[in-house]
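Inspection log for the structure reproduced underneath, given as structure tokens.
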Amino acid sequence: MRRTVFLLAALAFGARTAAACALPQEKAAFDIAWVRSDMMLTALSCSVDSKYNEFINRFRPVLIADDATVTGYFRRIYGASVAQSWHDRYVTSLANKQSELSVAEGSRFCARHIIELDQILRLHSVAQLTTLAAGLAYAQPISLPVCDAAAQTKAKPAG
């Protein structure tokens, strides 16, 4: 039942956002949102709260800015009055997708994700975090193509 509800929500969410392209900085923010959520799930599932807290404290400014960028994407695509609602749906959909993936990984989940968290904690800059997040190649719960040059000129980030 839970899986069916998740799939229906993900399909509805994905269908609604399929036509909306992301600016490069928005795509980077969504990549970091994935990492943040994944590290939270790792902390909760694998009892590595102190490592997660270190991650949050080290990258707090970029996490806050990227969260605002994700909300800005939804504001740009759907309007200010519903942007927070879309952001909340995204965060829920992201957590559900990651939970499904963690169940599929089973006992391998903690070993693999603690290694990723340790790798992140060895980073020294936001640029390194952004590069790592972009390279993880996880599937977002929404379709998020990057805007081509012409679309980037038309699409302005919501401020």
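Note that these values count all heavy atoms, side chains included, but never hydrogens, waters or copies made by symmetry. Positions are given from 1, in the same order as the sequence printed here.
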Over all heavy atoms of both residues, which pair between [X] and [Y] is shortest? Give the atoms and the distance, please.
X     : Y      : result
Glu26 : Cys21  : OE1-O, 4.4 Å
Ser45 : Cys110 : O-SG, 3.8 Å
Gln25 : Thr69  : O-CG2, 3.8 Å
Met40 : Tyr52  : CE-OH, 3.3 Å
Asp31 : Ala134 : OD2-CA, 3.5 Å

Reported [atom1]-to-[atom2] distance for the pair [X] and [Y], which is rounded to 0.5 angstrom:
X     : Y      : atom1 : atom2 : value
Asp66 : Thr130 : CG    : OG1   : 6.5 Å
Tyr73 : Lys27  : OH    : NZ    : 11.0 Å
Gln84 : Arg75  : CD    : CZ    : 8.5 Å
Phe74 : Asp88  : CZ    : CG    : 9.5 Å

Indicate yes or no: at least one non-hydrogen side-chain atom of [X] is less than 4.5 angstrom from one of [Y].
X      : Y      : answer
Trp86  : Thr71  : no
Leu41  : Phe109 : yes
Asn57  : Arg60  : yes
Ile114 : Thr42  : yes

Linking I/L/V/M/F/W/Y whenever their side-chain heavy atoms sit closer than 4.5 Å, directly or via other members, would [X] and [Y] fall into one cluster?
X      : Y      : answer
Val82  : Val70  : yes
Ile142 : Ile77  : yes
Trp34  : Ile115 : no

- I would like to know whether Arg76 and Leu23 meet side-chain contact (heavy atoms from CB on, under 4.5 Å); could you show each step before the answer? CA-CA 11 Å; Arg76 182 174 63 81; Leu23 299 169; 4.1 Å; yes
Below 3.5 Å, can you tabulate the donor-acceptor pairs from side chains in residues 116-124 to any protein atom, sequence neighbours excluded?
residue: Glu116; atom: OE1; partner: Tyr138; partner atom: OH; Å: 3.1
residue: Glu116; atom: OE2; partner: Arg112; partner atom: NH1; Å: 2.9
residue: Glu116; atom: OE2; partner: Tyr138; partner atom: OH; Å: 2.9
residue: Asp118; atom: OD1; partner: Lys51; partner atom: NZ; Å: 2.6
residue: Asp118; atom: OD2; partner: Lys51; partner atom: NZ; Å: 3.2
residue: His124; atom: NE2; partner: Arg122; partner atom: O; Å: 3.3

- Query: Hey, mind stepping through Ile56 and Leu63 against side-chain contact (heavy atoms from CB on, under 4.5 Å) and telling me if it holds?
  - Reply: CA-CA 8 Å; Ile56 293 296; Leu63 297 172; 3.6 Å; yes
- Ser37: partners by side-chain hydrogen bond (donor to acceptor under 3.5 Å, both in side chains), with sequence neighbours left out: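 Partners of Ser37 under the side-chain hydrogen bond (donor to acceptor under 3.5 Å, both in side chains) test: Gln98.
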- Task: For Asp49, enumerate each residue passing the side-chain hydrogen bond (donor to acceptor under 3.5 Å, both in side chains) test, keeping only those at least two apart in sequence or located in another chain.
- Result: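 Once residues adjacent in sequence are excluded, Asp49 has no partner under the side-chain hydrogen bond (donor to acceptor under 3.5 Å, both in side chains) criterion.
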- Message: Using 30° and 60° as the class boundaries, would you call the ring planes of Tyr90 and His87 parallel, tilted or perpendicular?
- Response: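 If you compare the ring of Tyr90 with that of His87, the planes turn out parallel.
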- Message: Could you check whether Glu100 and Asn96, counting side-chain N and O atoms only, form a donor-acceptor pair closer than 3.5 Å?
- Response: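 Note: Asn96 and Glu100 side chains miss the donor-acceptor criterion.
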